[in-house]
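First the proteins, then the strands, lettered A, B, ... as listed; each starts at 1. Side chains are part of it too, since the values below use all heavy atoms of this structure and drop only hydrogens, waters and symmetry mates.
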Amino acid sequence: MADATDGAPVAGPDDPWAPLRARVLEEVGVRLEHRGAVLDPGWLLAQLEAPAQPPADLALALHRPAKSLGQRPDELARALAEEISALPGFERIWAAGAYLNFAADGAALAEATLARVFALGAGYGHGPAEPGAVSVEHTSANTTGPFHIGRVRNAIIGDTLVRVLRARGHPVTSQYYVDDVGRQAAIITWIWSKPRASWPPEIAGDPTEVGEAAPTKEDHVLGAPYPAAAAYLKSHPDAAEEVQELSRQLEAGREPAGHRALAERILSGMLASLARLGIGFDEFVWESSFLHDGSVEAVLGRLAKSPHRFVEENGAESIDGSAYGLPKDNQHIIVRRSDGTSLYVTRDLAFHLSKFARFPRVVDVLGADHLLHARTLEALLEEIGEPRRPEFVLYAYIQAPGGGKMSTRGGTAVWLDDLLGEAVERARGEVLKRRNDLSEAEVSEIAEKVGAGAIRYSILRVAPEKAVQFRWEEALSFEGKSGPFLQYAFARASSLLRKAERAGGPYPYYVAELSTEWERALLRTIARLPSVVSYAARSGHVHAVATFAHDLAEEFNRFYNEVPVLKAETGRESRLALVAAGRQALGNTLELLGLEPLERM
RNA sequence: GGGCGCGUAGCCUAGUCUGGAUAGGGCACCGGGUUCCUAACCCGGCGGUCGAGGGUUCAAAUCCCUCCGCGCCCGCCA
């Protein structure tokens, strides 16, 4: 993704903190400049975005500017604190050692925050429309069987990125790249093109129990023989040759009957599982389309003009990529096989050129195991003189429960459908434990959303580059840093408004009545949402939103615990307004993460 | 062997890009909290050589170097 330092940190007009930062920046910047301090403008802003020590909201460490002035930092801090004794929006400005601290005027911040939340509603935390269309390609799993949770990290991160970019105002197209011409696509078609009775016993007699979770789902049913078939081909050259021939036919556009339909049936099963997690796609891009429309040949033609391109003795075409900083053993890039067919990287190159033609910004969510492919793709883009590059969001594959790679045949793979089933069942148990006033339909609905939320959040709460081992207890955790924890806070807020019969507003308030430490803390956190979303959208670090979501829910729960609302002696209306604002902010955050905000649970 | 990434309490994790004031959370464990708004909660306690060593700096979890451990990759697979 784009470097987070690109451009000035964006503070949308909905960011309640933005004017405060700008004011400090201005006041301090002018004074430091006047004294002759040398500093780059980004530095001050970065300082202000870092967390400050309570009760300060914003803080500046003055060591650096003091040094450039040849002055002691604590003296500089004191001098500045004296000069800037008052600033609109702040109730206190003081020096603490080498730090210049600023405490926001709680009432003013509360006013600014509530006003923005109520004015923007579901749009609070988002941003103004941005002109640049973005393509986000994610998931793109081969249609050879159901999802196991190793790959689902891709879908969850990708879908969340789509949501965050959309929120930030970008027109986003999510794309699923369907491989229907590669070897794996050939294998699945090969096995199903034969009558089941004629399958070799190694395949027919080795039913990988993929059907256990959802015995009638087509991805499970149709994907069942794939692992055994793939293994069988390794030791049976004659069969492998049949698959090879099939590959060539696919490449040439001579699809056997039922090929596409088979992929679509498996895909629909896979998508049904993703849909339960709130994940969908705008476009499915079939890899074969780049063969059919001639764009693969076109790109091979462009590569052919390169001085680095060679035709090997056996007819294969390759590029000498030694100029592009690839690892030593990976600089010889084959772009066409000796039998004339294309390779994944060549087709992907054609795909990316088609993306660049439509989208100014192109993002690929990729497993870290595809990093070399990504580097190779970049090298080839350079080779044909294409200046644009995709931004890569990389994630580490989730490891099997005992460690190591998830393997279908090794029995270490955990199916998404199994995980979903277990999560929903557990959620149902939790709901029934504490509610007896809900209809069966409501219980099912809640259990589904809670289970899905737990799974999504368990993935999102960890930075994508961390290689995590799958653990049932963690994925199914409903307490602490979990999806249900977030949803629960939302449900509590919803309940308060419902009981006050104010679910639809209006929410009149006096900020002076929101003066307890818990109310102020909650407001400060609500006010952070816009800058968090902005950061996530420009950096691609969507898990910053997940981290924030927990902060917000936690702050709401503290407030809920300490401050009576419905039974408030005074300031009931104002507190209801705060509840409504917290609910709105949390709901918006949940939507970004793809967790269902639940009215009750 | 080479490339990339990761290493923070018993376990999991934020913070690392942009170096700053006592390193935030969660699980587990211990102790509290509900005649009252959903206890899927809150409060307190316990627990840290931020993998090791060196360097840069007024200041290092954060930047640089070396080493160790772990993960991923190094196909005319995708």
Side-chain angles (χ1 to χ4, degrees), chain A residues 3-5 9 42-43 45-47 49-53 56 59-64 66-67 72-73 96-99 101 140 142 179 182-185 287 312 314-318 325-330 334-339 341-345 347-348 367-373 375 394 396-397 399 403-405 427 430-431 433-435 450 461-463 465-469 471 473-474 477-482 484-489 491-492 494-496 499-500 539 541 543-544 546-547 550-551 553-554 557-558 560-568 575 579 600-601:
Chain A
D3 195 86
T5 55
W43 178 80
L45 192 53
Q47 289 267 310
E49 292 194 326
Q53 189 120 133
L60 289 169
L62 292 170
H63 311 81
R64 187 127 62 151
K67 189 168 191 178
R72 285 180 42 161
Y99 296 82
N101 283 334
S140 301
N142 286 332
D179 169 24
R183 181 180 151 77
Q184 297 174 12
E287 201 171 359
E312 327 238 332
N314 59 17
E317 295 172 25
S318 63
L326 293 166
K328 288 182 196 67
D329 298 337
N330 305 291
I334 307 284
V335 295
R336 194 203 292 271
R337 292 196 189 89
S338 51
D339 68 0
T341 58
S342 63
L343 287 106
Y344 168 56
V345 73
R347 300 189 295 265
D348 205 21
D369 50 333
H370 283 57
L371 181 64
L372 180 59
H373 167 74
R375 295 287 163 255
L394 297 170
Y397 213 87
Q399 292 175 265
K405 218 174 170 171
E430 294 297 319
V431 177
K433 229 191 273 177
R434 58 204 100 205
R435 307 284 306 233
V450 168
R461 58 182 273 266
V462 182
E465 63 272 15
K466 296 242 191 195
V468 297
Q469 214 179 90
R471 289 185 176 83
E473 326 85 72
E474 275 169 33
S477 168
F478 290 177
E479 300 173 348
K481 262 188 191 172
S482 72
F485 175 94
L486 310 177
Q487 290 168 314
Y488 182 59
R492 282 174 137 184
S494 302
S495 172
L496 288 179
K499 292 200 166 156
S539 70
H541 297 165
H543 94 286
T547 304
H550 181 262
D551 290 352
E554 187 176 46
N557 280 331
R558 278 204 260 265
Y560 181 93
N561 233 273
E562 299 291 339
V563 183
V565 176
L566 298 180
K567 299 176 180 72
R575 285 179 183 167
V579 169
R600 39 173 71 85
M601 63 186 277

Whole-Å C1' distance, B:A60 and B:C17
15 Å
A:His541 NE2 - B:A14 C1' separation (whole Å)
14 Å
Is any side-chain N or O of A:Lys433 closer than 4.0 Å to OP1 or OP2 of B:A39?
no
Starting at atom CG of A:Leu372, determine the distance to atom P of B:G3, rounded to an integer number of angstrom.
13 Å
base_contact_polar (B:A21 base, A:Asn101 side chain, donor-acceptor, <3.5 Å):
yes
Suppose we define a pair by two distances each less than 3.5 Å, Watson-Crick or G-U wobble; what does B:C41 pair with here?
B:G33
Using a heavy-atom cut-off of 4.0 Å across all strands, would you classify A:Ala396 as base, sugar-phosphate, or nothing?
nothing
Answer yes or no: does a side-chain N or O of A:His373 lie under 4.0 Å from OP1 or OP2 of B:G3?
no
Tell me what A:Ala59 touches on the nucleic acid: a base, only sugar-phosphate, or nothing, going by heavy atoms under 4.0 Å.
base
Complementary nucleotide of B:A59, counting Watson-Crick and G-U pairs under 3.5 Å
none
Taking the side chain of A:Asn557 as heavy atoms from C-beta outward, which of B:C37, B:A78, B:C42 is closest to it?
B:C42
Taking any heavy-atom pair under 4.0 Å as a contact, classify A:Tyr560: base, sugar-phosphate, or nothing.
base
A:Ala46: which residues meet the side-chain contact (heavy atoms from CB on, under 4.5 Å) condition with it, sequence neighbours left out?
none
More 5' along RNA chain B: A:Ala52 or A:Asp339, using each one's nearest nucleotide?
A:Ala52
Could you state the NZ-C1' distance from A:Lys466 to B:C70, rounded to the nearest angstrom?
12 Å
Mapping A:Ala467 and A:Gly97 to their closest nucleotides on RNA chain B, which lands nearer the 5' end?
A:Gly97
Under 3.5 Å: donor-acceptor pair, side chain of A:Arg461, backbone of A:Ser482:
no
Value in whole Å for how far the P atom of B:U18 lies from CD of A:Gln47:
13 Å
Using the test side-chain contact (heavy atoms from CB on, under 4.5 Å), find all partners of A:Asn101 that sit at least two apart in sequence or belong to another chain.
A:Ala56, A:Ala59, A:Trp94, A:Ala96, A:Tyr99
Can you confirm whether A:Val450 sits close enough to A:Glu430 that some side-chain heavy atom of one is under 4.5 Å from a side-chain heavy atom of the other?
no
Using a 4.0 Å heavy-atom cut-off across all strands, classify A:Asp329 as base, sugar-phosphate, or nothing.
base
Re B:G53: Watson-Crick or G-U wobble partner, both distances kept under 3.5 Å, found to be B:C65
Check every atom of B:C72, B:C77, B:A14 against the side chain of A:Asp369 and return the nucleotide holding the closest atom.
B:C72
Sugar-phosphate only, base, or nothing, as touched by A:Ser338 at under 4.0 Å among non-hydrogen atoms
base
Please enumerate all residues that pass side-chain contact (heavy atoms from CB on, under 4.5 Å) together with A:Pro51, with sequence neighbours excluded.
none
Which is true for A:Arg600 with a 4.0 Å heavy-atom rule: it touches a base, it touches only sugar-phosphate, or it touches nothing?
base
So what does A:Val335 hit on the nucleic acid, given a heavy-atom distance under 4.0 Å: a base, only sugar-phosphate, or nothing?
nothing
Listed partners of A:Tyr344 passing ring-ring contact (aromatic ring centres under 6.0 Å, His included), at least two apart
A:His373
Could you tell me how far B:U16 sits from B:C29 if I compare only their P atoms? Round to whole Å.
32 Å
Which whole number of Å gives the distance between the P atom of B:C4 and that of B:C67?
14 Å
A:Arg347 side chain N/O closer than 4.0 Å to the phosphate oxygens (OP1, OP2) of B:A78?
yes
Which part of the nucleic acid does A:Val450 contact within heavy-atom distance under 4.0 Å: base, sugar-phosphate only, or nothing?
base
Considering only atom C1', compute the distance from B:U18 to B:U13 and round it to an integer number of Å.
22 Å
Round to the nearest Å and state the distance from A:Glu465 atom CD to B:G5 atom P.
10 Å
Pairing check on B:U22: which nucleotide meets the Watson-Crick or G-U wobble criteria with it, both distances under 3.5 Å?
none
Nearest-0.5 Å distance, CG of residue A:Leu496 to CZ of residue A:Arg575:
11.5 Å
From A:Leu566 CG over to A:Ser495 OG, what is the distance, rounded to the nearest 0.5 angstrom?
7.5 Å
Using the C1' atom in both, what is the distance from B:G53 to B:C41, to the nearest Å?
45 Å
Roughly how many Å apart are B:A21 and B:C46, using the P atom of each and rounding to a whole number?
22 Å
Sub-4.5 Å side-chain heavy-atom contact between A:Arg64 and A:Gln47
no
Protein-nucleic acid N or O pairs under 3.5 Å, nucleotides 56-60 of chain B:
residue, atom, partner, partner atom, Å
B:C58, OP1, A:Lys67, NZ, 2.9

Would you mind reading off the distance between A:Asn330 atom CG and B:C72 atom P, rounded to a whole angstrom?
17 Å
Output all residues satisfying side-chain contact (heavy atoms from CB on, under 4.5 Å) with A:Thr341, sequence neighbours left out; order by chain, then residue number.
A:Arg248, A:Glu251, A:Arg337, A:Asp339
When you measure from the side chain of A:Arg435 to the backbone N and O of A:Met601, does any donor-acceptor pair fall under 3.5 Å?
yes
What is the distance, rounded to the nearest whole Å, between atom CG of A:Leu326 and atom C1' of B:C73?
13 Å
Would you mind pulling out the nucleotide paired to B:G1, Watson-Crick or G-U wobble, both distances under 3.5 Å?
B:C74
For nucleotides B:G25 and B:C65, find the distance between their P atoms and express it as a whole number of Å.
33 Å
Could you check whether A:Phe485 gets within reach of a base, just the sugar-phosphate, or nothing at all, counting any heavy atom under 4.0 Å?
sugar-phosphate
For A:Leu343, answer base if it contacts any base atom (sugar-phosphate contacts may also be present), sugar-phosphate if it contacts only those atoms, and nothing otherwise; contact means non-hydrogen atoms under 4.0 Å.
sugar-phosphate
Using the test ring-ring contact (aromatic ring centres under 6.0 Å, His included), find all partners of A:Phe485 that sit at least two apart in sequence or belong to another chain.
A:His550
Identify whether any heavy atom of A:Gln399 sits under 4.0 Å from a base atom; if not, whether one sits that close to sugar-phosphate; answer base, sugar-phosphate or nothing.
sugar-phosphate
Residues forming a side chain to side chain donor-acceptor pair (under 3.5 Å) with A:Gln399, sequence neighbours excluded:
none
I'd like to know whether A:Glu312 forms a side-chain hydrogen bond (donor to acceptor under 3.5 Å, both in side chains) with A:Ser338, so could you lay out the CA-CA distance, the side-chain angles of the two residues, the decisive distance to 0.1 Å, and finally the verdict.
CA-CA 8 Å; A:Glu312 327 238 332; A:Ser338 51; over 6 Å; no
Below 4.0 angstrom from OP1 or OP2 of B:C73, is there any side-chain N or O of A:Lys405?
yes
Which protein N or O atoms sit under 3.5 Å from an N or O of nucleotides 25-35 of chain B?
residue, atom, partner, partner atom, Å
B:G25, N3, A:Lys481, NZ, 3.3
B:G26, O2', A:Lys481, N, 3.3

How many whole angstroms separate atom CD of A:Glu562 from atom P of B:C42?
11 Å
When the P atoms of B:C74 and B:U57 are compared, how many Å lie between them, rounded to an integer?
42 Å
